[in-house]
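Notes follow once the structure below has been shown.
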Amino acid sequence: MLVRAKIVEYLMKGFSLFGYIRNISIAKKLYFTVGIMALLIAIELVVLFFSINALSSVRAYVGGEGLWSKAQKDAMYQLLTYARTRNEADYRKFTEYMKVPIGDHKTLLELNKPKTDLRIAKQGFVEGRNDPGDVDGMIKLFRRFGDNSYIHKAIVAWTRADKLITEEFIPLGERLHLEIQSPNSSRDRIENILDNIDPLNSKLTICEDEFSFALGEGSRWLENVILKLLLIVALTVECTGLLLAITVSRGIQKGLSEILLSAKAVTRGDFTRKARAFSGDEIGILANTFNRMAIELEKLQLEITRANVNLERTVELRTLELESKNKELEQFAYVASHDLQEPIRTTAGFVELLKKHYYGKLDKNADKYIDYILQSSDRMKTLIKDLLDYSRIGRQKESKLVDCSVVLKEVLADMDKSIRESETMIVREDLPMIKAYPTELKLLFQNLITNAIKFRKPGTPPLIDVSATRRNGLWEFTIRDNGIGIDAKYHERIFVIFQRLHTRSEYDGSGIGLAHCKKIAELHDGKIWVDSVPGEGSTFHFTINER
């Protein structure tokens, strides 16, 4: 009794759906909303499925009536033809056409029985040349909507037409067949039989028209009912979904707005503004958690402020120290390479004097030693010059718009002698205008083309192809040659300063040229790499950032 009283009291107070939704968790709110929407959509889909099937069945009956009518007219025509020709082939065509109404007659008889044998009913429709896929829907429409006024009118018309076929038309054809086959066949009796055909055809036409008209009215009625039903279900879905969405979103938005206001206050450094919790769901829990976090942030802010002051001071000191060290290193490399030139120049000068005054006057070993000293002096001068050039790369931090085609043309003009002597062929495409360091870019082209000429295959004139492609904000330049190639294990090593893959007796040089290229590419926020196969040539790629 107590439980019953509480239930009655609860019902007296009333059950608020929206109050229930407001107080459950967000996950349950979403599940509930989605569940209601899914249920309503499922109902709409069921109605739509039923509607499509019903209309499809009506369409199938209209098509079946067309088949029935055509078969009846064709059969009547063949009967008349048979009366004229007395050819049994025409009578067989008559009987063949009559299979359509006979098949539909079989179905009509079976569907009117108290206990329908669906197998026989389906077989009759199929024999009536109806599509097997439409048969089930046609039977369901007859059985479920037989009492509908429009469907009932159509069934009545079908029944009358079927009775005319079975009780008059078929016996008429049989009588004509017997009369023609009779040895005592009479033309007058045949004409008397044929006189019944036109009135019978008129009656059948009236039944066919009534059947089609009733189905047309029924189809329009069913379409209107279905459209109204779909409209009602759709409006129900929309309204229910909108109402649930507004209710849920307002509850969530209210709590989130409160948290957002507190969050904005925290971003301004105001930790005193606390978020109010309007419910016990996840939003309320989040508001309380945010308030605790704000308190902790307030504590951490003071610690972070102190740490930031110390960190900024440390970073500033380290930055100044690094800049100073870099300047010292650059100055050291420049001064060392510059100052080393003077003693080498002096040594070379004295050796030249020794060669001038004593070459050939001393023994052969002395002449050999003089040549060794001169060669070493020349190599040392080249090395120091390359070091000086390496240290100067990027010292002048002023980039400008450069026409790479003009730069390449100037490089080729400077190298004209070596190009002609080596019979080098240069293939070049139009190169872009880019913002770069002109001197360094010119040195980059010069080093790569010089290497392509230097490391050529014996007996084969060098072929050098220069092109550029734009990719993802970068210009990728390609210099391809047909030289001796580079083993894959050395593809990284060749860009390290002073790294050589050949002896000086094979190829001269200091081993610093590609290190220059790497430094210049990196100066332009790019990189350089090589694709090469020994004996098949090399392809050097370098990129320059499009600035």
Side-chain angles (χ1 to χ4, degrees), residues 58-113 120-121 123-131 134-135 138 142 150-218:
V58 172
R59 174 196 57 78
Y61 267 109
V62 172
E65 187 276 331
L67 292 171
W68 192 96
S69 177
K70 185 177 184 304
Q72 178 260 314
K73 301 300 182 187
D74 289 340
M76 190 167 289
Y77 171 77
Q78 290 299 328
L79 195 62
L80 292 171
T81 302
Y82 174 63
R84 186 179 68 254
T85 63
R86 302 192 178 190
N87 188 344
E88 283 298 310
D90 292 324
Y91 184 76
R92 286 195 294 273
K93 289 182 181 179
F94 161 76
T95 57
E96 186 67 26
Y97 284 125
M98 289 306 297
K99 288 181 180 179
V100 173
I102 290 173
D104 290 338
H105 169 72
K106 183 191 295 186
T107 300
L108 181 63
L109 289 179
E110 194 62 35
L111 291 176
N112 283 318
K113 292 180 181 179
I120 297 175
Q123 183 181 355
F125 267 142
V126 172
E127 290 174 1
R129 295 184 184 175
N130 293 283
D131 191 290
D134 294 331
V135 168
M138 295 172 72
F142 187 99
Y150 301 107
I151 304 298
H152 180 70
K153 287 180 183 178
I155 293 173
V156 169
W158 180 16
T159 304
R160 285 168 46 207
D162 182 74
K163 189 174 181 181
L164 290 172
I165 289 290
T166 57
E167 295 182 3
E168 296 186 32
F169 190 41
I170 293 176
L172 188 67
E174 291 173 350
R175 283 169 52 201
L176 179 63
H177 183 247
L178 289 174
E179 182 62 31
I180 291 174
Q181 292 296 315
S182 173
N184 301 319
S185 176
S186 169
R187 185 65 187 174
D188 292 336
R189 286 196 294 271
I190 292 174
E191 289 296 331
N192 289 333
I193 295 172
L194 294 177
D195 288 342
N196 295 316
I197 290 180
D198 285 339
L200 181 60
N201 185 46
S202 298
K203 294 178 184 178
L204 286 171
T205 301
I206 292 171
C207 294
E208 290 164 1
D209 292 341
E210 289 178 355
F211 183 85
S212 298
F213 182 75
L215 280 182
E217 284 189 324

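Side chains are part of it too, since the values below use all heavy atoms of this structure and drop only hydrogens, waters and symmetry mates.
- Within the structure, every pair that satisfies the salt bridge (Lys or Arg N to Asp or Glu O under 4.0 Å) test and touches residues 81-100, not counting sequence neighbours, is listed here: Glu96-Lys99.
- Here the side chains of Gln78 and Tyr97 are in contact, with some heavy-atom distance below 4.5 Å.
- Under the 4.5 Å side-chain criterion, counting only non-hydrogen atoms from C-beta, Ser185 is in contact with Ile190.
- Contact record, Asn184 with Arg189: O-NH2, 2.6 Å, taken as the closest heavy-atom pair.
- Taking the six-membered ring wherever Trp is involved, the centroid distance between the rings of Phe169 and Phe94 falls below 6.0 Å.
- Taken from OG1 in Thr166 to CD1 in Ile102, the straight-line distance is 9.5 Å, to the nearest 0.5 Å.
- Annotation: side chain of Lys70 is in contact with side chain of Asp74 (closest heavy-atom distance under 4.5 Å).
- Taking Arg160 as the reference, Glu210 meet the side chain to side chain donor-acceptor pair (under 3.5 Å) condition, with sequence neighbours excluded.
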Throw together a table of side-chain donor-acceptor distances under 3.5 angstrom for residues 200-207, partners on residues two or more places apart or in other chains.
residue	atom	partner	partner atom	Å
Asn201	OD1	Gln72	NE2	3.2
Asn201	OD1	Lys73	NZ	2.7
Ser202	OG	Asp198	O	3.1
Thr205	OG1	Lys73	NZ	2.8
Thr205	OG1	Asn201	O	2.8

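- Under a 3.5 Å cut-off, the side chain of Thr81 and the backbone N or O of Tyr77 do form a donor-acceptor pair.
- Contact of the Phe213 side chain with the Lys153 side chain is not registered, since no non-hydrogen atoms from C-beta on lie closer than 4.5 Å.
- Residues passing the side chain to side chain donor-acceptor pair (under 3.5 Å) test with Glu191, sequence neighbours excluded: Arg187.
- For Ile193, the side-chain contact (heavy atoms from CB on, under 4.5 Å) partners are Leu172, Arg175, Leu176, Glu179, not counting sequence neighbours.
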Practice problem: Take Asp104 and Ile165, measure what side-chain contact (heavy atoms from CB on, under 4.5 Å) needs, and give me the verdict at the end. | Solution: CA-CA 11 Å; Asp104 290 338; Ile165 289 290; over 6 Å; no

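- In terms of the side-chain contact (heavy atoms from CB on, under 4.5 Å) criterion, residue partners of Leu80 (sequence neighbours excluded) are, by chain and number, Leu194, Ile197.
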